[in-house]
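As the structure is a computational prediction, the values presented were derived from the model and not from experiment. Here, residue 1 is the first one in the sequence, and each next residue gets the next number.
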Amino acid sequence: SLERAGVCAGDELVLLSRDLAMRHAAAMGVRCVGKAFRELAKSGQSGPEAEMAVLHNSKPFSMRCRLSELGELGVGWMLFF
C-alpha cells in the first residue's frame, strides 16, 4: 500500500514507466570511462570529438562490479554509494 511505502496524504507523486525509469537510471549512472580512455590513447586519436564519443559510449558501472573497478572514481567514490 502507499502508506506502507511512506506516502502520506498531500504528498506529490511522479509516476514513470519502468522503461523510462531504466533509461533515466542509465543516463544518470556513474560511468566507467577508464578503459575507454586508455584505448583512445592507444589508438592515437585525440581532441574533444573523440573524447565526447568515448563518454557517450561508456557504460555505467555494474552493481556487481569488483571493488577494484571503482578505483577510477578516486577517493570520493563512496559519496555516490
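The two atoms that bring Gly34 and Glu72 nearest to each other are N-OE2, 3.0 Å, heavy atoms only. In terms of heavy atoms, Asp11 sits closest to Gly6 at OD2-O, 3.8 Å. Here the closest heavy-atom approach between residue Glu51 and residue Phe37 is recorded as CG-CE2, 3.8 Å. In plain terms, the two heavy atoms of Arg31 and Ser58 that are nearest each other are NH1-O, 2.6 Å.
From Leu40, atom CG reaches atom CG of Leu55 across 9.5 Å, with rounding to the nearest 0.5 Å.
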